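Some notes on the structure that comes next.
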There are 2 protein chains.
Amino acid sequence: MQPLYEKVKKKITASLVQGEWSPGEAIPSETELANVYEVSQGTVRKAIDELSAESILIRRQGKGTYVATHNEENIQLRFLRLTSNFGLKEKLDNQLVSFSKEKATNKLSKVLNINPASTIISLKRVLTFNEKPLILDVIKIPAQSFRGLTAEMIVEKKGSMYRMYETDFGVRMLRADEKIRAINANFESASLLNVKENTPLLSVERISYTYENKPLEWRLGLCITDNHYYRSELD
Amino acid sequence: MQPLYEKVKKKITASLVQGEWSPGEAIPSETELANVYEVSQGTVRKAIDELSAESILIRRQGKGTYVATHNEENIQLRFLRLTSNFGLKEKLDNQLVSFSKEKATNKLSKVLNINPASTIISLKRVLTFNEKPLILDVIKIPAQSFRGLTAEMIVEKKGSMYRMYETDFGVRMLRADEKIRAINANFESASLLNVKENTPLLSVERISYTYENKPLEWRLGLCITDNHYYRSELD
DNA sequence: TCTTATATATCTTATATAAGAGTTATTAAT
DNA sequence: ATTAATAACTCTTATATAAGATATATAAGA
C-alpha cells in the first residue's frame, strides 16, 4: 500500500505538470490543499516537504509555498556549478555560434527517449566572462517540445536556456545528471574558445529532466578551468 | 528561540562526537531517546530525519537507526564519484608511492585550520583498476589527529582511507567539498599514471570534514577519464 | 517444520499550538 | 484633518505531541 502523503505528492505534481500553477506563483495553502485532498494539513505538509527538498517547490514561512523557477534573480543559472577561483558570482555573456535542425542520431534518440530520426534542434554557443570565452555549449533538444524556437530568441534572451524553456515553452527542468571528464581541445573547440589546441578542458555532459524524469535536453559543455572550477559537495 | 528538535539534534550529535555510539551500531530507539530527552517521539524523529538526510545516521524500518559508516560493503568508497563508462562497480587496488611527515605550508595550515608549520602526514598513492593506473592521490592530514599512522597500515588496509580513519583513529568523515578542474599531466603524474605527458587529467581537490564542519583532510586526486567519468547530480 | 503470537522498531497520520508576515483598524500626536 | 505609530486580526508555514499502522525478528506452539 502506498502511503497517503505519496498520493498527495503525486496529485500536487500532476497539478504542476498540468500547469495549474505557474512557476514563481504561490500554490494554495497547506490547509486549502488538505481540504481539497481530504487529508490533514500535516500530510500535505509531508508531501510538500519532499517536493521542497527536491527544489520543485519553495516554502516561505508566513507567506506561502511557491513553484520553483529558473527565473528568479538569486537562483539564476541554477544548474551552473562553475565558480571563479576568486569566489565571485559573475555575469556571463552569451554568443550563438550555430543553430540548426537535424535528424536525431540513434544514440541521441535513445538518450532523449524519442522516435529514431525525429527532428531535433541543435545549437552551439559560447559563454564569455569579461569578454573572454569560458564555456562552449552544444545543446540538443527535441524539436517537438520546442516548436517555434528560433536563433533570434536565443540571442535575444541573454539569460539561461532554462529560463527561456520555462517562459516560452512551459518546460520546467527539475534535475540533471552530469558526466564529467577531462579532454583536450580539438581544432573547433580551441578556435571557438580562443585557446591553443590540446588545452585541457573540462567536459560536462548533461542530460536534463522535466517532470516524471522525462529527459528533454542533452548538452555538452566544454569549460576552460584556468580561473574557474566546478564545485561539488559530497555527503 | 531555538526549536526543540534542533536541540535534540545537537544532543544526538554530541553523543556521536563523544563516541557514545560507534559507527555501524544502532542508536537507542526513538522512544528511548524521547524519554531521555523528555520530548515526544515525533520530535526525536524530526531530529533523526535531518541527521539521516545528512547521511550521518541511517534508518532501517522495523530494525532501528544506525550510525553511518565508511565500513559497509555497499557504501564503501562513499565519496568516490568515479564510474566506469560501462557502469560497472569495480574494485580498485591501492599502491603507496610515498609517505612522509612534513611541516604544513601556510596555505595548508589555513585550509585545515591548524597551527602554522605544525606537522602533517603527506602521502601519495596510485589507485589501479585492472592493473592499470586510474587515480593518483596526494593526501595531507594533520599528524596530531592521526598519531601512530604508518605507511604499513595504509598498505595493509587496501580499502578506503576513510575506513581506516574510522576504525583506527575514531575519525568519521561526514562530508566533503570538491573543486574540479581539467589539467595536463606533468612529468611526475604522467610517469606514475603511466600516460604520456600532457594527457588531460581530471583534477579533484577535496577537503573533507568531520563533525561540526572541522576540516581534517586535504586531498588532490588526478584521474584518467578515458574510460571513466565523474558523475554529478543536480537539482 | 510450519504457523502463530509477541515484542519492538520505525513509519504514517492526525490534531493542536506556535511563530512569521502582511493587512487593516485604531489611536495619539501634530 | 492628517499623519504616524501601534495594536488587532488573519493569513501563512513551523513545531510538538500522540496514536495507530507497518515492518522485522524471535519465541512459542501445533
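A note on names: the letters A, B, ... follow the listed sequences, proteins ahead of strands, and every chain is numbered from 1. What you are looking at is a predicted structure, and each value in this text was computed from that prediction instead of being measured.
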| Value in whole Å for how far the P atom of C:dT12 lies from CD of B:Glu30 | 11 Å
| Which part of the nucleic acid does A:Glu32 contact within heavy-atom distance under 4.0 Å: base, sugar-phosphate only, or nothing? | sugar-phosphate
| Over how many whole Å does the gap from B:Leu33 atom CG to D:dT17 atom C1' extend? | 16 Å
| Nearest of D:dA23, D:dT12, D:dA16 to any side-chain atom of B:Gln61? | D:dA23
| said: Just N and O in the side chain of B:Lys63: are any of them under 4.0 Å from OP1 or OP2 of D:dA25? | reply: yes
| query | At under 4.0 Å between heavy atoms, what does B:Gly42 touch on the DNA or RNA strands: base, sugar-phosphate, or nothing? | reply | base
| note | Closest non-hydrogen atoms of A:Arg147 and A:Phe169, given as atom of the first, atom of the second and distance, are O-CE2, 3.2 Å
| message | Any salt bridge linking A:Glu30 with A:Arg59? Criterion: basic side-chain nitrogen under 4.0 Å from a carboxylate oxygen. | response | yes
| field | Atom-to-atom span, CZ of B:Arg59 to P of D:dA23 - whole angstrom | value | 16 Å
| task | Please state how far atom NZ in A:Lys7 lies from atom C1' in C:dT12, giving the value in whole angstrom units. | result | 12 Å
| Does the distance from a Lys or Arg side-chain N to an Asp or Glu carboxylate O, for A:Lys214 and A:Glu212, drop under 4.0 Å? | no
| From D:dA16, C:dT13, D:dT13, pick the nucleotide closest to the side chain of B:Thr43? | D:dA16
| field | From C:dA14, C:dT10, D:dT12, nucleotide with atom closest to A:Ser40 side chain | value | C:dA14
| A:Thr65 side-chain N/O to D:dT12 phosphate OP1/OP2 under 4.0 Å | no
| field | Interatomic distance where NZ belongs to B:Lys46 and P belongs to D:dT17 [whole Å] | value | 13 Å
| field | Nucleotide paired to D:dA16 in any strand shown, Watson-Crick or G-U, under 3.5 Å | value | C:dT15
| For D:dT12, does either OP1 or OP2 sit under 4.0 Å from a side-chain N or O belonging to A:Ser29? | yes
| note | Of A:Gln41 and A:Leu4, the one whose nearest nucleotide on DNA chain C sits closer to the 5' end is A:Leu4
| said: With rounding to the nearest 0.5 angstrom, report the CG to NE2 distance, B:Leu82 to B:His228. | reply: 6.0 Å
| Rounded to whole angstroms, how far apart are CG on B:Asn35 and P on C:dT8? | 13 Å
| message | Rounded to whole Å, please give me the gap between CD in B:Glu6 and C1' in D:dA16. | response | 14 Å
| note | In whole angstroms, the gap separating P of D:dG20 from OH of A:Tyr5 amounts to 21 Å
| Between B:Arg175 and B:Glu54, is the closest basic N to carboxylate O distance under 4.0 Å? | no
